[in-house]
Amino acid sequence: QVQLVESGGGLVQAGGSLRLSCAASGRPFSMPAMAWFRQAPGKEREFVAAISWSGGTMLYADSVSGRCTISRDNAKNTVYLQMNSLKPEDTAVYYCAAARQWSRVVTPPEYDYWGQGTQVTVSS
C-alpha cells in the first residue's frame, strides 16, 4: 500500500509561484510513474505532469509546459511541482498520483494511488 500526502497549496496572485510537494510512504518509489493532476470545480480531472522513477523522463500538459517543473527526490520519497507564472485558470485542487507502470500516464484511471489533494487558488 502507498500513501500520498500533498502540501504547498495556497492563495497566490497571478504571476506568482508555488511549489507543491507530495510525500509518499509505504513502498512508493518502486512506482515507475508519479504524476500531478488537477481538478477545477465542475470540470474533469486533468493531467498536469508526470515523471519516471529515474527522473529522466518528464511529460507536461500543454497548458503548463514552460511554466511548471516536476521533479522527484527518491531519497526523501517526495515529488515536487514547481509552478511559475501562475494564472487564474490554474485554480484547482491538485492531486498527486502513483502508478505501477509507465503507460498512458496522462490518463487518471492508469494510476493506482491518489493523495487527498491540495487547493491552489490564483487571484487576478
Side-chain angles (χ1 to χ4, degrees):
Q1 190 71 6
V2 173
Q3 295 80 42
L4 304 173
V5 178
E6 302 95 335
S7 61
L11 174 64
V12 63
Q13 289 188 332
S17 298
L18 282 174
R19 189 176 81 154
L20 306 183
S21 298
C22 172
S25 60
R27 297 185 64 181
F29 277 64
S30 62
M31 294 293 178
M34 299 290 294
W36 290 93
F37 287 79
R38 66 187 182 185
Q39 189 166 17
K43 295 187 177 181
E44 292 185 353
R45 191 166 297 190
E46 66 172 357
F47 171 77
V48 176
I51 189 167
S52 62
W53 185 89
S54 68
T57 301
M58 292 165 282
L59 187 65
Y60 296 94
D62 289 344
S63 59
V64 303
S65 181
R67 300 188 297 119
C68 291
T69 302
I70 189 170
S71 61
R72 65 191 293 171
D73 184 336
N74 290 347
K76 295 182 178 180
N77 288 350
T78 302
V79 176
Y80 304 97
L81 184 69
Q82 176 68 43
M83 302 189 295
N84 301 321
S85 302
L86 282 162
K87 306 174 182 180
E89 51 263 44
D90 293 318
T91 296
V93 177
Y94 283 70
Y95 297 91
C96 178
R100 294 189 184 98
Q101 59 181 359
W102 183 273
S103 174
R104 299 199 298 172
V105 295
V106 303
T107 307
E110 292 298 308
Y111 288 82
D112 304 286
Y113 302 99
W114 292 86
Q116 82 290 348
T118 186
Q119 177 71 47
V120 171
T121 303
V122 184
S123 64
S124 57

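The figures here come from the full heavy-atom set of this structure, side chains too, leaving out hydrogens, waters and symmetry mates.
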Task: Side-chain (S54) to main-chain (G56) donor-acceptor, under 3.5 angstrom - done: yes
- [ ] State, with a plain yes or no, whether a side-chain heavy atom of V120 is found less than 4.5 Å away from one of L20.
- [x] yes
Task: Contact summary for R72 and I51, nearest pair of heavy atoms - done: NH1-O, 3.7 Å
TODO: Over all heavy atoms of both residues, which pair between M31 and A98 is shortest? Give the atoms and the distance, please.
DONE: CG-CB, 3.9 Å
Task: Shortest non-hydrogen contact from L81 toward Y94 - done: CD2-CD2, 4.3 Å
Open item on the list: Test of understanding: clusters of I, L, V, M, F, W, Y form through side-chain heavy atoms closer than 4.5 Å, transitively. Do W114 and V105 belong to the same one?
Closed with: yes
Open item on the list: Give me the atom names and distance for the closest heavy-atom approach of L18 to G8.
Closed with: CD2-O, 3.7 Å
Open item on the list: To the nearest 0.5 Å, what is the distance between CG on N77 and SG on C22?
Closed with: 10.0 Å
Task: Q82 side chain to T69 backbone, donor-acceptor under 3.5 Å - done: no
Open item on the list: I want to know whether F37 and Y95 have ring centres closer than 6.0 Å.
Closed with: no
Task: Min side-chain heavy-atom separation M83-S17 under 4.5 Å - done: no
Task: L59 side chain reached by V106 side chain, heavy atoms, under 4.5 Å - done: yes
Task: Non-hydrogen atoms of Q39 and A92 that approach each other most closely - done: O-CB, 3.4 Å
Open item on the list: Check whether T118 reaches the backbone of G9 with its side chain - one donor and one acceptor, N or O, closer than 3.5 Å.
Closed with: yes
TODO: Find out whether E89 and V122 are in side-chain contact, i.e. whether some heavy atom of one side chain is under 4.5 Å from a heavy atom of the other.
DONE: no
Open item on the list: Which heavy atom of V79 sits nearest to which heavy atom of W36, and what is that distance?
Closed with: CG1-NE1, 3.6 Å
- [ ] Evaluate side chain to side chain donor-acceptor pair (under 3.5 Å) for Y111 paired with R104, printing each intermediate quantity in order.
- [x] CA-CA 9 Å; Y111 288 82; R104 299 199 298 172; over 6 Å; no
- [ ] Kindly indicate, with the supporting measurements, whether the criterion side chain to side chain donor-acceptor pair (under 3.5 Å) is fulfilled by T78 and D73.
- [x] CA-CA 5 Å; T78 302; D73 184 336; over 6 Å; no
Task: Flag side-chain contact, heavy atom, 4.5 Å: E110 against S103 - done: yes
- [ ] Decide whether Y80 and M34 are clustered together by the hydrophobic rule: side chain heavy atoms of Ile, Leu, Val, Met, Phe, Trp, Tyr closer than 4.5 Å, transitively.
- [x] no
TODO: Output the distance between atom CZ (R100) and atom CG (D112), rounded to the nearest 0.5 Å.
DONE: 4.0 Å
TODO: Evaluate side-chain contact (heavy atoms from CB on, under 4.5 Å) for Q1 paired with Y113, printing each intermediate quantity in order.
DONE: CA-CA 8 Å; Q1 190 71 6; Y113 302 99; 3.9 Å; yes
Open item on the list: Can a donor-acceptor pair be found, under 3.5 Å and without considering hydrogens, that links the side chain of R45 to the backbone of R38?
Closed with: no
- [ ] Would you confirm whether S52, through its side chain, and T57, through its main-chain N or O, come within 3.5 Å as a donor-acceptor pair?
- [x] yes
TODO: Output yes when a side-chain donor or acceptor of Q13 lies under 3.5 Å from a complementary backbone atom of S123, and no otherwise.
DONE: no
Task: Modelled atom types, side-chain donor and acceptor of Q3 and S25, under 3.5 Å - done: yes
- [ ] Please assess I70 against Y60 for the test side-chain contact (heavy atoms from CB on, under 4.5 Å), listing each intermediate value before the final yes or no.
- [x] CA-CA 9 Å; I70 189 170; Y60 296 94; 3.5 Å; yes
